[in-house]
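A short worksheet on the structure shown next.
Position 1 is the first residue of the sequence; numbering continues from there. Note that ligands are numbered from 1 as they come in the structure, with each ligand's atoms numbered from 1 the same way.
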Amino acid sequence: MAPPDLLELDSLTITAIIDNELDPISPCPNPAVQQSGNLKDVALNGRKLAKDERGGALAEFRMDEICCSAHGLSLLITGMQGDQKHTILFDTGPEESAWERNARRLRADIAPIEVIQLSHWHRDHSGGMLKVLEMVNAARREQNSNLPPVSVDLHPKRPMYSGMWPPGLPGPMSMEADPTFEEIEALGAKVAKSDQAHTICEDMFLVSGEIPRVTEYEKGLKFGVRYHGEEKGWEEDMKMPDERLLMCKLKGKGIVVFTGCSHAGVVNASRHAVELGGGAPLYAVMGGFHLADADAGYIQSTVNDLKALDTQIMLAGHCTGWRAKFKIQEEMPGRLVPSFVGSKFEL
Ligand SMILES: [Fe+2]
């Protein structure tokens, strides 16, 4: 069944609460994107100083107001159309303290988060989930908000554990367990399980189902495994069918797709978004492109295909890796906007 039509948004703002890299100095290389959160913004948002306090200094520029990078992803996304506005959190980063620290330093407006979508069951995306829910609940209490419970959009097949089992090791390296459905519900959230494409937030955003693997070179997570309990043990899980993208449409521009880790392949995810979006042009791709451990041929094929899709903006972050970003910049000059933690992007 075809998913319902997506609303076309007037604008979109994205705040990177968690990402792998920090660079609050480099200017935004693409004029189509408004980027804030640099050192000047941090300084001017800090404690204002009285005129006579420190020889006319405007504000105290504090190092403990700058976000810290962490291996994972968490994007606070707000879509606007006319006077309608909806806020989603795409992934929750790897650990509670990292999310809490950065959300506080950013003074992020988290009470309006309606949906938390987990891109896939991996701890670098799910690790902050329970703290996020606690903090959203607290922010809502403070504001006397009567919004309905946060909906946590999850793939139904939660693994007991996930990990990697590279050849030569006598056993797998296991990540910590993801939060359970029960733990999420115990914090008052509503668990929404789905492995099918569906829209959320009054058709402003779409969460995909399984991303079709089409390209020949995007083969999944190297050495990926998941644990099924004592009887079945660890099984290969390179394909990771639980990975789902998030997308929306921007008026006059095209599709914006968010990809958590691109274990399905960033090109497969982008092509699927175009398919789900009825063939609209691909405006922007944001998230982890998972090319940090890819060989040169894989990176080249990806860049060729992103070029063929005529992707206008690549907000590459998390697991993209510096070599792939360098290649995109080299071959598609001006289209790369590296996603740095603490940055706010307006499209
Ligand atoms: Fe990841």
Side-chain angles (χ1 to χ4, degrees), residues 14 16-22 67-77 88-99 102 116-132 152-155 157-159 161-166 172-179 207-208 210-211 213 218-227 236-247 257-270 285-294 298-299 302 314-325 338-341:
I14 308 139
I17 297 182
I18 297 283
D19 210 325
N20 282 47
E21 285 189 54
L22 171 70
C67 285
C68 297
S69 65
H71 175 69
L73 187 70
S74 182
L75 305 174
L76 183 68
I77 303 168
I88 293 178
L89 187 73
F90 182 67
D91 289 338
T92 64
E95 50 168 327
E96 296 191 341
S97 59
W99 202 91
N102 286 353
I116 299 174
Q117 187 211 330
L118 184 66
S119 63
H120 63 298
W121 289 111
H122 260 173
R123 185 76 190 190
D124 52 328
H125 299 256
S126 70
M129 175 96 60
L130 302 179
K131 177 56 74 180
V132 172
V152 182
D153 197 306
L154 301 162
H155 191 281
K157 288 194 180 142
R158 174 190 172 275
Y161 293 94
S162 311
M164 253 86 77
W165 195 339
M173 303 178 296
S174 168
M175 282 184 254
E176 301 152 89
D178 299 290
V207 180
S208 76
E210 186 177 340
I211 299 163
R213 273 54 170 179
E218 294 175 314
K219 292 188 168 41
L221 176 64
K222 269 185 208 167
F223 320 127
V225 286
R226 63 161 61 190
Y227 185 61
E236 192 223 278
D237 188 26
M238 272 181 71
K239 203 175 162 209
M240 300 203 55
D242 63 295
E243 191 172 27
R244 304 168 308 152
L245 59 84
L246 175 73
M247 62 180 276
V257 53
F258 299 93
T259 172
C261 232
S262 299
H263 298 307
V266 66
V267 172
N268 283 333
S270 302
V285 184
M286 180 165 198
F289 293 13
H290 210 89
L291 297 166
D293 59 353
Y298 188 130
I299 292 173
T302 302
M314 274 155 285
L315 288 139
H318 181 34
C319 50
T320 304
W322 65 270
R323 292 175 307 132
K325 283 189 259 188
S339 170
F340 298 128
V341 64

Whether [X] has an N, O or S atom under 2.8 Å from the Fe ion (ligand 1):
| X | value |
| --- | --- |
| H318 | yes |
| H125 | yes |
| C319 | no |

Trace of the side-chain hydrogen bond (donor to acceptor under 3.5 Å, both in side chains) decision for H318 with D91: CA-CA 12 Å; H318 181 34; D91 289 338; over 6 Å; no

Residues K157, D237; criterion salt bridge (Lys or Arg N to Asp or Glu O under 4.0 Å); working and verdict: CA-CA 12 Å; K157 288 194 180 142; D237 188 26; over 6 Å; no

Atom nearest to the Fe ion (ligand 1) - D124, N, O or S atoms considered: OD2

Close aromatic pair by centroid cut-off 6.0 Å: H120 and H155: no

Distance, nearest 0.5 Å, that separates OG of S119 from NE2 of H263: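 These two atoms lie 7.5 Å from each other.
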
